[in-house]
Amino acid sequence: MTDSTPPLYEEIVNFIALGTTPDRVANFQPSDTAKQRVAQLIEREKDNEIAADERTELDLYLQLEHIMRLAKIRARQHLAASRG
């Protein structure tokens, strides 16, 4: 990864690379830094002040959020099935 790699992207890659369990997936939360960055980008978008590279970064965050939501749903299904 590079210095220009968005923080949330790094967090998700590291989370996956370290291995995980359904419980950890279900409880995953991005860092405050990543949450603040997304909030900044959304605010810039609302104000029509978002640059092209920021738009790309925001799109990436939204895709990652969607993937994590799907993974959390699946993890919760696995946990519920294992608890009977």
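One-based numbering along the sequence shown. Just so it is clear, the structure is predicted and the values come from calculations on it, not from any experiment.
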**Prompt:** Can you tell which of R37, E11, E10 makes a side-chain hydrogen bond (donor to acceptor under 3.5 Å, both in side chains) with S31?
**Reply:** E11
**Message:** Is there a side-chain contact between V25 and F15 in this structure, where contact means two heavy atoms from C-beta onward sitting under 4.5 Å apart?
**Reply:** yes
**Asked** Any side-chain donor-acceptor pair under 3.5 Å between E57 and Y61?
**Response** yes
**Prompt:** Would you call E49 and E43 a side-chain contact if the rule is heavy atoms closer than 4.5 Å?
**Reply:** no
**Item:** Transitive ILVMFWY side-chain link V13 to L60, under 4.5 Å
**Value:** yes
**Message:** Between I12 and L62, is there shared hydrophobic-cluster membership here, with clusters defined by ILVMFWY side-chain heavy atoms closer than 4.5 Å?
**Reply:** yes
**Message:** Is there a path of hydrophobic side-chain contacts, each under 4.5 Å between heavy atoms, that joins I16 and M68?
**Reply:** yes
**Message:** Using only atom types and a distance under 3.5 Å, with no angle test, would you say the side chain of E54 pairs donor to acceptor with the backbone of A51?
**Reply:** yes
**Nearest atoms (heavy-atom pairs only) where A26 meets A75** = N-CB, 4.0 Å
**Message:** If you compare all heavy atoms of L41 against all heavy atoms of I50, which two are closest, and at what distance to 0.1 Å?
**Reply:** O-CD1, 3.7 Å
**Prompt:** Okay, side chain of R24, backbone of G19: is any donor-acceptor separation there less than 3.5 Å?
**Reply:** yes
**Item:** Distance, nearest 0.5 Å, that separates CG of L70 from CD of E65
**Value:** 10.5 Å
**Prompt:** Counting distance only, does the side-chain N/O of K72 pair as donor-acceptor with the main-chain N or O of N27 below 3.5 Å?
**Reply:** no
